[in-house]
Amino acid sequence: DTGVSQNPRHKITKRGQNVTFRCDPISEHNRLYWYRQTLGQGPEFLTYFQNEAQLEKSRLLSDRFSAERPKGSFSTLEIQRTEQGDSAMYLCASSLDEGSNTEAFFGQGTRLTVV
Amino acid sequence: AQKVTQAQTEISVVEKEDVTLDCVYETRDTTYYLFWYKQPPSGELVFLIRRNSFDEQNEISGRYSWNFQKSTSSFNFTITASQVVDSAVYFCALSEHSSASKIIFGSGTRLSIRP
């Protein structure tokens, strides 16, 4: 499978616990994005990487959230001290760096439920 | 400010009817890109189309067609002879040239096709 891969697909955690999600982009794509989607809403931009550099973070990304892309390939998104409001689908996307006219390919997402 | 508005929250039609999903956008950029994505129950975002701001030609792909009108800042999507498999949530989205392909999504329209 050469698409964007996200693991795990589902995660249930207790409030206050830390969780980490992984995203493996399409291999030649140097841009990687994280989005969050809550029920009944469209995906909301969280952050984006160009290779290993994190170039933009949304105000939605509180101090409890951290994302890394250490070698410019896969990325991880960690949420510390989870809250019930963190329950959402977390989507990863990747694209080529060919100006702005590039298509972003999305993974199937990780659905987080905080109980 | 960049914004995408999909005023129709839910639409339900009988199979074989034509249906149009509305999308209105706001942007200050003169160069931007508009998208439609489909999100079936499985959750993955499926890319349907991308148009750039300099190309106002309407596009047809099988039963799908798109009407881009800069004068009204609209990018509407029509499905002709709808089928049950078209049932999904459809998102209109905007990417500005100045924002490194960050995609801003509308809130989506849930389309239900009844047999």
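Just so it is clear: chains get the letters A, B, ... in the order the sequence lines come, proteins before strands, and each one is counted from 1. Computed from heavy atoms alone, side chains included, the values below leave out hydrogens, waters and symmetry copies.
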Colleague: Other residues, nucleotides and ligands only: do more than 12 of their heavy atoms fall within 6.0 Å of CZ on B:Arg110?
Modeller: no
Colleague: With a cut-off of 6.0 Å (strictly less than), are more than 12 heavy atoms of other residues, nucleotides or ligands near CD of B:Glu17?
Modeller: yes
Colleague: Checking one residue: B:Val24. Which other hydrophobic residues are in its cluster under the side-chain 4.5 Å linking rule?
Modeller: none
Colleague: Enter the distance from A:Tyr35:OH to B:Phe105:CZ here, rounded to the nearest 0.5 Å.
Modeller: 5.5 Å
Colleague: How about B:Phe91 and A:Gln37: do any of their side-chain heavy atoms sit closer than 4.5 Å?
Modeller: yes
Colleague: Tell me whether A:Phe49 shares a hydrophobic cluster with A:Phe65, the cluster being built from Ile, Leu, Val, Met, Phe, Trp, Tyr side chains joined at under 4.5 Å.
Modeller: yes
Colleague: At a heavy-atom separation under 4.5 Å, does A:Leu91 approach chain B through its side chain, its backbone, both, or neither?
Modeller: side chain
Colleague: Is it the side chain or the backbone of B:Gln39 that comes within 4.5 Å of chain A heavy atoms, both, or neither?
Modeller: side chain
Colleague: State the CD-OG distance between A:Glu44 and B:Ser107, to the nearest 0.5 angstrom.
Modeller: 10.5 Å
Colleague: What distance separates A:Met89 CE from B:Leu45 CG, expressed to the nearest 0.5 Å?
Modeller: 9.0 Å
Colleague: Can you tell me how far apart CZ (A:Phe45) and CD1 (B:Ile103) are? Round to the nearest 0.5 Å.
Modeller: 10.5 Å
Colleague: Could you check whether any side-chain heavy atom of A:Phe106 comes within less than 4.5 Å of a side-chain heavy atom of B:Tyr37, counting everything from C-beta outward?
Modeller: yes
Colleague: Could you check whether atom CZ of A:Arg15 has more than 12 heavy atoms from other residues, nucleotides or ligands sitting under 6.0 Å from it?
Modeller: no
Colleague: Taking atom NZ as the centre, does B:Lys70 end up with more than 12 heavy-atom neighbours from other residues, nucleotides or ligands that are less than 6.0 angstrom away?
Modeller: yes
